[in-house]
Amino acid sequence: MIERVVRGEVPRKHHLAFRDAGGNLLYEEAFTRQGFDGPYTLAYHRHRPHAHHAAEARHGWPLPGPAPRRALARRHYRTQDLAPRAGPAVDARTPLLFNDDVVIGLVQPAAPDPVYLSNGDGDDLFFVFEGGGLLRTPLGDLRFGKDDYVLVPKGLLHRFLPDPGPQRWLSIECLGGLWLPSQWRNEAGQLRMDAPFCHRDFRLPAFAGPQDEGIRDLVVKRAGAFHGYRSDAPPLDVVGWDGAVYPFAFPILAFQPRVGPVHLPPTWHGTFAARGALVCSFVPRPLDFHPEAVPCPYPHASVDVDEAIFYARGEFTSRRGVGPGSISHHPAGILHGPHPGAYEASIGQKATSELAVMLDCHLPLAPTPAALSVEDAGYEESFAG
Ligand SMILES: [Fe+2]
């Protein structure tokens, strides 16, 4: 949902009869959001895209259960210690922290998806901090790699073909949608001159027309369950499409950080907005340049949000014991801040190499059993010194 684009063959006006060179009628699919009020894409299929049969759902990942009651505390989960779930992306996701707006997890796929997946529950945002591959959709193929965000819109049929080698992707399932923060757009919908990214930073799928991979099985995630279907025709039979709903990739290092004489709040790093959450990108950057600046974040209580930070790499000046793959969870209600000594040591530092993705979430986040299995038990006490 960056801008409206057209790929392949489309009729001169929407909803007109549209035929291929052989005179066969094509079938228009309207892929709409917010009922029919929001962004949409019209795709033109060779076959009736809604013709399928109910089948057994043989794929899917474990879904979060009821939130456990726990003491209010600052938490640290080491996803680097998480045993990978074997198999393709459709099976290899491990939810870790969740509320009614977002589910944060880790995906470690080791094989191409043997089925198409459509997530009817939300937009899926991935941050690829190791690996890469191809996202295949009816709207085209999207290649992605290390340090890319990848967005798969809610309800879009797709499958992942990971490259050989280790894969670790942070997943953020946004149950109320995901979009670019409105403050980065002008009244024409363009990204503003002073936005932290520009249109050309976003990579769209390469569309090459219909293809038949021989796959007919579709898994739909909806209402917290996986449902199976089987189609008679190849689902990737689109000859052209026109619209503003499509997958994209955005390299996190294309995000333009802001720096001031003194510490700027995380909202300056806002990259994506979701219902009940803001996704921020912390990328390598010079630090605050006032001669008396304290570059390390001040102790703070953002009293309305739970904060989750995923640490990808680099030096994390405020925090001891976290490393690439760590997720810290600092809940609303209690203060958090630098570890002992970090605040003082940051004075005079000129730059940071940290690469991290942060979520500020309005609703409390709860851990899954998988998160609890890799929790750093000493984290809460580590703030006291
Ligand atoms: Fe914080």
Side-chain angles (χ1 to χ4, degrees), residues 70-79 96-99 101-102 104 125 127 129 170 172 181 196 252 255 257-260 262-274 276-288 293-347 349 351-367 371 375-376 378-385:
R70 304 183 79 203
L72 187 66
R74 296 156 292 200
R75 308 282 182 178
H76 171 207
Y77 304 102
R78 291 179 47 84
T79 74
L96 296 167
L97 294 171
F98 65 98
N99 62 24
D101 292 321
V102 295
I104 302 168
L125 179 70
F127 174 64
F129 66 104
L170 180 74
I172 305 170
I252 193 171
F255 186 87
R258 288 210 173 45
V259 178
V262 294
H263 195 79
L264 295 174
T267 36
W268 280 104
H269 305 271
T271 311
F272 301 106
L278 180 68
V279 181
C280 298
S281 302
F282 291 96
V283 298
R285 62 193 182 281
L287 287 171
D288 322 324
V294 182
C296 201
Y298 28 72
H300 59 280
S302 198
V303 299
D304 294 322
V305 298
D306 270 27
E307 172 199 286
I309 301 182
F310 174 80
Y311 300 88
R313 64 174 180 268
E315 291 297 317
F316 307 111
T317 49
S318 62
R319 198 109 317 126
R320 283 200 313 261
V322 303
S326 288
I327 296 178
S328 65
H329 172 209
H330 298 150
I334 51 175
L335 281 162
H336 65 272
H339 274 144
Y343 188 82
E344 299 83 345
S346 74
I347 297 171
Q349 290 187 10
T352 176
S353 62
E354 71 174 2
L355 185 70
V357 174
M358 187 187 89
L359 275 89
D360 269 346
C361 301
H362 295 177
L363 298 175
L365 289 165
E375 183 171 3
D376 168 6
Y379 188 67
E380 168 68 13
E381 204 45 45
S382 68
F383 287 88

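Indexing begins at 1, ligand by ligand and atom by atom, following the structure's order. Just so it is clear, the structure is predicted and the values come from calculations on it, not from any experiment. For reference, positions follow the sequence shown, starting with 1.
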Practice task
May I ask you to test the Ser382-His76 pair for a side-chain heavy-atom distance under 4.5 Å?
Solution key: no
Handout entry: Plane angle bin for His339 and Phe383 - parallel if under 30°, tilted between 30 and 60°, otherwise perpendicular
Key = tilted
Practice task
Give the name of the N/O/S atom in Glu307 that lies closest to the Fe ion (ligand 1).
Solution key: OE1
Handout entry: pair Val283-Leu355: side-chain heavy atoms closer than 4.5 Å
Key = yes
Exercise for the section: Could you confirm whether His330 has any N/O/S atom lying under 2.8 Å from the Fe ion (ligand 1)? Expected result: no
Handout entry: Name of the His336 atom (N/O/S only) found closest to the Fe ion (ligand 1)
Key = NE2
Exercise for the section: Could you pull out all residues at least two apart from His269 that satisfy ring-ring contact (aromatic ring centres under 6.0 Å, His included)? Expected result: Phe282
